[in-house]
There are 2 protein chains.
Amino acid sequence: MELQELVLPELKNFKTTPTLVAEALRNGILKGVIRAGQTLRQEELAAAFGVSRIPVREAFRQLEAEGLIKIHPHRGAVVSSLSAFEVQELFEIRGPLETTALRLAIPNLTGLDFQKAARILDLADREETSSRWGELNWDFHATLYAAAGRPRLLGMLVNLEQNVDRYMRLVLTGLDYQQHSQAEHRALLAACREKGVEKAVTLLSGHIEAAGQKLTAYLRQAEEGERQ
Amino acid sequence: MELQELVLPELKNFKTTPTLVAEALRNGILKGVIRAGQTLRQEELAAAFGVSRIPVREAFRQLEAEGLIKIHPHRGAVVSSLSAFEVQELFEIRGPLETTALRLAIPNLTGLDFQKAARILDLADREETSSRWGELNWDFHATLYAAAGRPRLLGMLVNLEQNVDRYMRLVLTGLDYQQHSQAEHRALLAACREKGVEKAVTLLSGHIEAAGQKLTAYLRQAEEGERQ
DNA sequence: TATTGTAAAATTGGATACAATATCCAGCAA
DNA sequence: TTGCTGGATATTGTATCCAATTTTACAATA
C-alpha cells in the first residue's frame with residue numbers, strides 16, 4: 001500500500017488537456033501577459049494551444065471558480081479586474097487565514113524550515129525585478145505555512161495570493177516597500193524561531209494589513225484618476 | 001453608467017446549461033441523493049438531464065473547484081468524501097473566517113436583521129427534520145454575516161458550509177445537540193444586539209469549535225469502526 | 001445630421017458522431 | 001495461486017454541425 005502512494009504523484013503528472021490549458025492561462029494572467037479586462041476568445045486560444053474549444057471551455061470554468069476570470073454568457077470570458085474595495089476584502093480574508101496557518105505551523109517549524117526561509121530572504125535582498133521579488137515574497141510565506149500541515153488551508157491561501165498578485169506587482173516597483181517588507185519578514189522569522197506564537201501572529205497580522213493598506217491606497221488613487 | 005448595473009442582475013439570470021447542471025449536482029450532493037464516494041458517470045448524467053456530455057463536464061470542473069467532487073482522469077469523477085482530519089481542517093478555517101465576518105457585520109446590523117435572525121431561531125425550535133434544521137441553522141449564521149457587506153467572504157463561507165453540511169447532518173440526529181446549539185445561537189444574537197463585538201466573537205468561536213469537535217469525534221469513531 | 005430599425009457577420013452554446021486513450025476485468029498460462 | 005494478456009468499458013479529446021445571442025454594419029427615417 002505504501003508503493004501506491006509513491007506512484008500517485010507520477011500519475012498526477014498525467015495532466016489532462018483542460019488542466020494544462022487552465023495552467024497556461026493562469027500563468028498568463030499572473031505574469032501579466034493577459035491583462036485584466038481582456039476578453040478571452042475560445043477559438044483564438046484553442047488555435048494558439050493547438051487544441052479544440054472544449055478543453056478551453058473547461059479551463060474557463062475552472063479559472064472562473066478560482067476567481068481569475070468571469071464568464072459572461074454568449075459574450076465571452078474576461079479576466080476579472082478587482083476594485084480597490086475588492087482587494088481590501090481579499091486582504092481582510094488573508095489576515096485571519098494566514099495567522100491561523102502560522103499559529104498551526106510554528107510548533108512544527110524545524111531548523112530546515114528556518115534555513116530555507118532565511119535563504120529566500122537573502123535571495124530577495126539581491127533581487128531587483130519586481131516579478132521575481134513577488135515570487136520570493138510568497139515563497140517565504142508559503143515555507144512557513146507549509147509546516148501547518150493543512151493542505152486545504154494552504155490551497156486557499158495560494159488562491160488568494162494569486163488573486164491579488166497581479167495588483168501587488170504595481171506597488172512593488174517602489175524599493176522602499178521592499179526594504180520595509182524585508183525587515184518585517186526578518187522580525188517575523190525571528191519570532192518564529194523563538195516559538196513566540198502571539199508575537200509572530202501580531203507581526204504577521206500587521207505585515208499583511210500594511211501590504212493591504214499600501215495596495216488599496218494605490219488602487220483608490222488610480223481609480224480616482226480614471227474617473228476624471 | 002449606473003443604469004448598466006441595473007441590467008447586470010438581469011443578465012445573470014441567463015443561466016447557461018453547465019451552470020444549471022452544476023446546480024443540480026450540487027443540490028444532489030448536499031441533499032444526500034448523491035452520496036460521498038459515488039462515481040459520477042458523464043453519459044449517465046447527460047442522459048438523465050437531457051443534455052450532452054459537454055455541459056456535464058464543464059459542471060464537473062466547477063464542482064471540483066468547489067471541492068465537492070474530485071476528477072480522476074480516465075476514471076471518472078467521484079463525490080469527495082472527507083476524513084475526520086479534513087473536516088477538522090475545514091472547521092479550523094471556518095472559525096477565523098466567520099468571526100471576521102461577524103466582526104465586520106455587527107456595526108451594520110439593524111433591527112430588521114435581528115428580527116429576521118430571531119424568527120429563524122423560532123422556526124428552528126419547531127423543526128424536527130435534521131435536513132431542514134440544518135438549513136435554518138445556516139440561514140441564521142448567513143443573516144448575521146450578510147451585514148458585513150463582504151460578498152467574496154460570504155461566498156467562501158457558503159462554500160465551506162456546503163462542504164461540511166453533508167457530514168453535519170449525521171450529527172444533527174441527536175436532539176441534544178440541536179437544543180445546545182439553539183441556546184448558543186440565542187446568546188450570540190443577544191451579544192450582537194448589544195453590539196458587544198468581542199463577546200459575540202468569543203461566543204461564535206466557541207460555537208464553531210464545539211460543532212467541529214462534535215462532528216470530528218463522530219467521524220473518527222465511524223472511521224475506527226470501518227477499520228475493523 | 002442624428003436616431004432608429006434591420007440585416008448580416010462573428011462568437012458562443014450545445015449536440016452528435018467519431019477517434020484515441022486509459023482503466024478495469026476476465027480468462028489463460030506458468 | 002500468481003502474473004500476464006487480451007478485450008470490454010468508460011473517459012477524453014476532436015471534428016462537424018446547427019442554434020442562439022451579441023455585435024457590427026448599413027439602410028431608412030425624422
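Naming convention: chains lettered A, B, ... in sequence-line order (proteins, then strands); numbering from 1 in each chain.
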Item to check | Distance-only donor-acceptor test (3.5 Å): side chain A:R53, base C:dG13 | outcome: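 Yes, a donor-acceptor pair under 3.5 Å.
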
To the nearest Å, give me how far apart [atom1] ([X]) and [atom2] ([N]) are.
X     : N      : atom1 : atom2 : result
A:I69 : C:dT12 : CD1   : P     : 12 Å
B:L20 : C:dG13 : CG    : P     : 13 Å
B:R57 : D:dA10 : CZ    : C1'   : 12 Å
B:E58 : C:dA15 : CD    : P     : 10 Å
A:L45 : C:dT11 : CG    : P     : 12 Å
B:Q42 : D:dT9  : CD    : P     : 18 Å
B:L40 : D:dT12 : CG    : C1'   : 16 Å
A:H74 : D:dA19 : NE2   : P     : 15 Å

_Side chain of B:S52 (C-beta onward), nearest among D:dA15, D:dT11, C:dG14_ =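 Ranking D:dA15, D:dT11, C:dG14 by closest atom to the B:S52 side chain puts C:dG14 first.
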
Q. Taking any strand in view, what nucleotide pairs with D:dA30 in a Watson-Crick or G-U wobble way, both distances under 3.5 Å?
A.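 Base-paired to C:dT1.
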
Regarding B:T100 and B:E98, is there a side-chain donor-to-acceptor distance under 3.5 Å anywhere?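 No, no side-chain donor-acceptor contact under 3.5 Å.
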
- Task: Answer yes if the side chains of B:E86 and B:S83 hold a donor-acceptor pair under 3.5 Å, and no otherwise.
- Result: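 A donor-acceptor contact under 3.5 Å links the two side chains.
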
A:N27 side chain to A:A24 backbone, donor-acceptor under 3.5 Å
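The answer is no, because no donor-acceptor pair under 3.5 Å joins these two groups.
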
Do the side-chain N or O atoms of [X] get closer than 4.0 angstrom to the phosphate oxygens (OP1, OP2) of [N]?
X     : N      : result
A:T17 : D:dG13 : yes
B:T16 : C:dG14 : yes
A:R75 : D:dT21 : no

| query | Parallel, tilted or perpendicular: which fits the ring planes of B:H185 and B:W133, with parallel below 30° and perpendicular above 60°? | reply |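 Rings of B:H185 and B:W133: parallel, as their planes differ by under 30°.
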
- Centre of B:F91's six-membered ring, under 6.0 Å away, within 45 degrees of the axis: is that where NZ or CZ of B:R94 sits?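 That pair qualifies as a cation-pi contact.
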
Given DNA chain D, 5'-ward residue of the pair B:R41 and A:I54, judged by closest heavy atom:
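With B:R41 and A:I54 compared, the 5'-side residue is B:R41.
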
